[in-house]
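Predicted, not measured: the structure shown is a model, and the values here were computed from it.
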4 protein chains.
Amino acid sequence: MALRIKIQTGCDTPIYRQIVDQVHLAAATGTAKPGEAVPSIRGLAEQLVVNPNTVAKAYAELRNEGLIESQQGRGMTLCDRREVLTDSERMRRVRPLLSDLAKQAVMLGFNAQELSRMLKDECKALGQRPSKGA
Amino acid sequence: MALRIKIQTGCDTPIYRQIVDQVHLAAATGTAKPGEAVPSIRGLAEQLVVNPNTVAKAYAELRNEGLIESQQGRGMTLCDRREVLTDSERMRRVRPLLSDLAKQAVMLGFNAQELSRMLKDECKALGQRPSKGA
Amino acid sequence: MALRIKIQTGCDTPIYRQIVDQVHLAAATGTAKPGEAVPSIRGLAEQLVVNPNTVAKAYAELRNEGLIESQQGRGMTLCDRREVLTDSERMRRVRPLLSDLAKQAVMLGFNAQELSRMLKDECKALGQRPSKGA
Amino acid sequence: MALRIKIQTGCDTPIYRQIVDQVHLAAATGTAKPGEAVPSIRGLAEQLVVNPNTVAKAYAELRNEGLIESQQGRGMTLCDRREVLTDSERMRRVRPLLSDLAKQAVMLGFNAQELSRMLKDECKALGQRPSKGA
DNA sequence: GTGGTCTAGACCACT
DNA sequence: GTGGTCTAGACCACC
């Protein structure tokens, strides 16, 4: 039983983005397998207590990316599409987040060592329970 | 040479935030020293070709945070750095960035060790020094 | 009944500051509880007959301080109270008011004992409760 | 030798107001006696490293209040005018400062007891060295 | 000259 | 509907 989406209110990332990111993460970590069904728009909207339009917006983005596809009559399922990225492309995607973190952390008085420890903890938490602790 | 602020338009981070961050960073890394003057609101606005109110907004935030102080009629200067936020608050502010980075990095197949190294490089690039003295 | 904000024009404290202070005070005294909604920017602006930007400025400050949080498209609510400022910073902020009061009071011939009594009365009038629980 | 005015930059009270207040305080506490000379405008301006206009503005206010008077050819001196205030008038003057302090302190999480102690300390400091510690 | 405040009106993203 | 950002222009106090 995969793809249990959870959103956190009072967080600055938009709800639709949280949904998109969680599907991405589930697909990447193998928590959700190709061909597996994703919750229906109105079902997920009801479960998360959000506007169906918000879920629809998230699914539209996922569909455009080719990560999910609508199988007529069977709702939407995860594609088996697997991105093959070059090292430089992976670098390019993670770099700005590294930069943001480093800047903010330095401003707040953290040093590189503290950061590394916290980051390791964060990664460990992700590996243990991808869908719950996220 | 002190506090040359630059902004990039067409970037998704607001102008006023770019200004705030750059002053913060300059103060944290020691690029700008306590007592040093910051550019006048109107002067900086003219230089950056933005509305003076935008600069004023950035400076107001910096002033509220206690990072700069205004000497009426004589411009603003950097304050002596002091610890303003509790440890738990600093943690709370850096946590979401850690989380974002960890998620994205895991998706891209980086491991914690690689991340730590890259993060250290980023910090070094910012000119970080032992945290307490910053 | 929650968070009825009132402002007095013709008073030297800025409107936006009156708003900020009243929300702060309501949160500190327990008049407004965590999770409770605050009036919308446009709604409050209309009620107070001021410019929406003035209210927005007040709310932005409150948000930066972590006292309220915005849930995009759904308005803003009070956060759980947490200690954000270090003790030394809290001290630094209350010190000038103490100094002003002491100077003025000494000039007027009050002694410390009288002042303490009056100050206790003021605090009681604000509905203060044991500091840590506030 | 009395009336050694000192100002503190980086404080939000205007310089001219600091001067006015200090003369008031010195007169009220007896640090400066009636008939005593006050520093010349340009002398004081030079000593404080401020604009002579600023000192002039402060002196103008003091003169309007009748606290100092210009003795032709001898500069300005303190008047022997002694205000006799009713209790209600004294109350009226100290009340707003009490209120401000109480509000700010409650917001910052101080309780009445802590405040009283700090206020006593402040008063003691004023009594000991009116012109130096101010 | 400086910063501080307020107004008016615009555009955007999110729900 | 909501908040977030930016612009333009005004008035004030202080130096």
With A:Val38 as partner, the option from A:Leu3, A:Ile19, A:Ile5, A:Leu62 fulfilling side chain to side chain contact (heavy atoms under 4.5 Å, CB included) is A:Leu3
The single option from C:Val20, C:Leu67, C:Ile68, C:Val23 that satisfies side chain to side chain contact (heavy atoms under 4.5 Å, CB included) with C:Glu61 is C:Val20
Does the side chain of [X] get closer than 4.0 angstrom to OP1 or OP2 of [N] through an N or O atom?
X: B:Thr54; N: F:dT7; result: yes
X: C:Arg17; N: E:dG4; result: no
X: B:Ser70; N: E:dG4; result: yes

Separation of [N] [atom2] from [X] [atom1] (nearest whole Å):
X: D:Asp12; N: F:dC15; atom1: CG; atom2: P; value: 12 Å
X: C:Ile68; N: F:dG4; atom1: CD1; atom2: C1'; value: 13 Å
X: C:Arg42; N: E:dA8; atom1: CZ; atom2: P; value: 15 Å
X: C:Gln71; N: F:dG3; atom1: CD; atom2: P; value: 11 Å
X: B:Lys57; N: F:dG3; atom1: NZ; atom2: C1'; value: 11 Å
X: D:Tyr16; N: F:dA13; atom1: OH; atom2: C1'; value: 8 Å
X: B:Met76; N: E:dG4; atom1: CE; atom2: C1'; value: 9 Å
X: B:Asn53; N: E:dG3; atom1: CG; atom2: P; value: 12 Å

Answer for the Watson-Crick or wobble partner of F:dC14, both distances under 3.5 Å, is E:dG1
Of the candidates E:dC14, E:dT7, E:dG4, the side chain of A:Pro14 sits closest to E:dC14
Of F:dT2, F:dC15, E:dC14, the nucleotide closest to the side chain of C:Gln72 is E:dC14
Any chance you could lay out the salt bridge (Lys or Arg N to Asp or Glu O under 4.0 Å) test for A:Arg63 and A:Glu69, step after step, and finish with the verdict? CA-CA 6 Å; A:Arg63 186 168 38 89; A:Glu69 59 188 3; over 6 Å; no
**Request:** Give a yes or no on whether the backbone of B:Gln8 and the side-chain of B:Gln18 come within a donor-acceptor separation of less than 3.5 Å.
**Result:** yes
Note to self: Test side-chain hydrogen bond (donor to acceptor under 3.5 Å, both in side chains) on A:His24 and B:Gln104; report intermediate values, then the result.
What the structure shows: CA-CA 9 Å; A:His24 265 127; B:Gln104 188 72 29; over 6 Å; no
Contacts of C:Gly43 and D:Asn51 projected onto DNA chain F by closest heavy atom; the upstream (5') one is C:Gly43
Of B:Ile15 and C:Val38, the one whose closest nucleotide on DNA chain F sits nearer the 5' end is C:Val38
Taking for A:Thr13 and for C:Val50 the nucleotide of DNA chain E with the nearest heavy atom, the one nearer the 5' end belongs to C:Val50
